[in-house]
Amino acid sequence: QVQLVESGGGLVQAGGSLRLSCAASGRTFRSYRMGWFRQAPGKEREFVATISWSGDNTYYTDSMKGRFTISRDNAKNRVYLQMNSLKPEDTAVYYCAAAGGVLGYSDPTKYDYWGQGTQVTVSS
């Protein structure tokens, strides 16, 4: 069992930055692949980024490459999402998720645990 709690969301102007943090409970955190998803009003949940259990492998949605960076600290049971050059279209609720498997990293149904989400609003 893994419990996830996101933090770090807020209101930022276009071009600004935010760093999201996800705190995980449970001693098995380091065995999970972690991901970030987001969901804007009226839209489906969208894959943002994922990181392997070791932190050696990361994948991003194309539109976020170069702007967003996912990282993790297994000693602190945390995963982070650094978001730079934010755009109004990045406005959404951002969710942290944990997956026990290695396939389908962009598929939300492959993730076993989810946080409650944190709101990110980017003003123009």
Side-chain angles (χ1 to χ4, degrees):
Q1 187 84 10
V2 176
Q3 292 184 328
L4 305 172
V5 179
E6 302 95 335
S7 61
L11 174 64
V12 64
Q13 288 189 333
S17 298
L18 281 175
R19 188 193 194 204
L20 305 184
S21 178
C22 174
S25 65
R27 294 175 293 175
T28 59
F29 170 76
R30 64 182 64 227
S31 67
Y32 285 88
R33 172 166 53 83
M34 300 299 296
W36 286 96
F37 288 78
R38 69 184 186 185
Q39 189 165 19
K43 295 188 177 181
E44 293 186 352
R45 194 162 294 191
E46 176 186 23
F47 169 73
V48 174
T50 189
I51 187 167
S52 61
W53 68 270
S54 65
D56 290 342
N57 297 300
T58 58
Y59 300 95
Y60 300 87
T61 291
D62 285 346
S63 63
M64 298 162 207
K65 286 180 182 178
R67 298 194 300 126
F68 291 7
T69 303
I70 189 171
S71 61
R72 68 189 295 164
D73 186 336
N74 286 339
K76 295 183 178 179
N77 278 16
R78 286 187 179 266
V79 62
Y80 305 97
L81 185 69
Q82 177 67 44
M83 304 186 295
N84 299 326
S85 302
L86 283 163
K87 306 174 182 179
E89 51 264 42
D90 293 319
T91 295
V93 177
Y94 283 71
Y95 297 90
C96 171
V102 297
L103 299 178
Y105 61 78
S106 64
D107 181 353
T109 67
K110 301 300 184 184
Y111 287 76
D112 305 299
Y113 303 102
W114 291 84
Q116 83 290 347
T118 185
Q119 177 71 47
V120 171
T121 303
V122 184
S123 63
S124 57

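Every value quoted in this text rests on a predicted model; they were computed, and no experiment measured them. Residues: numbered from 1 along the sequence shown.
- Note on ring orientation: taking the six-membered ring where Trp is involved, the planes of Tyr113 and Tyr32 are perpendicular (angle over 60°, cut-offs 30° and 60°).
- Using a 3.5 Å distance cut-off with no hydrogens or angles, the side chains of Arg67 and Ser85 do not pair a donor with an acceptor.
- When all heavy atoms of Val48 and Tyr94 are compared, the pair lying nearest together is CG2-CE2, 4.3 Å.
- From Cys22, atom SG reaches atom CH2 of Trp114 across 11.0 Å, with rounding to the nearest 0.5 Å.
- When side chains are defined from C-beta on, Tyr80 counts as touching Asp73, because their heavy atoms get closer than 4.5 Å.
- The distance from atom CZ of Arg38 to atom CZ of Arg45, rounded to the nearest 0.5 Å, is 13.0 Å.
- To the nearest 0.5 angstrom, Lys87 atom NZ is 7.5 Å from Ser63 atom OG.
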Exercise for the section: Show your working on side-chain contact (heavy atoms from CB on, under 4.5 Å) between Val120 and Met83 and close with a plain yes or no. Expected result: CA-CA 10 Å; Val120 171; Met83 304 186 295; 3.9 Å; yes
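- The minimum heavy-atom distance linking Gly117 with Val93 is given by the pair CA-CG1, 3.8 Å.
- Using a 4.5 Å heavy-atom cutoff, the side chains of Trp36 and Val79 are in contact.
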Exercise for the section: Test side-chain contact (heavy atoms from CB on, under 4.5 Å) on Phe37 and Thr50 and set out the steps. Expected result: CA-CA 9 Å; Phe37 288 78; Thr50 189; over 6 Å; no
Practice task
Test Thr91 against Gln119 for side-chain contact (heavy atoms from CB on, under 4.5 Å), laying out the working first.
Solution key: CA-CA 8 Å; Thr91 295; Gln119 177 71 47; 4.0 Å; yes
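- Scanning both residues, Lys110 and Ala99, for their nearest heavy atoms gives O-CB, 3.5 Å.
- With rounding to the nearest 0.5 Å, the separation of CZ in Arg19 from OG in Ser7 is 9.5 Å.
- Arg72 and Trp53 make their closest contact through NH1-CA, 3.2 Å (heavy atoms, listed as atom of the first residue, atom of the second, distance).
- The two atoms that bring Ala40 and Ala92 nearest to each other are N-CB, 3.8 Å, heavy atoms only.
- Here the closest non-hydrogen pair linking Cys96 and Met34 is SG-CE, 3.6 Å.
- Residues Lys65 and Asp62 are paired through a salt bridge, judged by an N-O separation under 4.0 Å between the basic side chain and the carboxylate.
- Here OG of Ser123 is found 5.0 Å from CD of Gln13. Values are rounded to the nearest 0.5 Å.
- For the side chain to side chain contact (heavy atoms under 4.5 Å, CB included) test with Leu81, the passing option among Leu20, Leu18, Thr118, Thr69 is Leu20; the others fail.
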Problem - Verdict with supporting geometry, Phe47 and Tyr105, ring-ring contact (aromatic ring centres under 6.0 Å, His included) - result: CA-CA 8 Å; Phe47 169 73; Tyr105 61 78; 5.5 Å; yes
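- Judged by the 6.0 Å distance and 45° axis criteria, Arg33 is positioned over the aromatic ring of Tyr111.
- Rounded to the nearest 0.5 angstrom, Ile70 CD1 and Met64 CE are separated by 11.5 Å.
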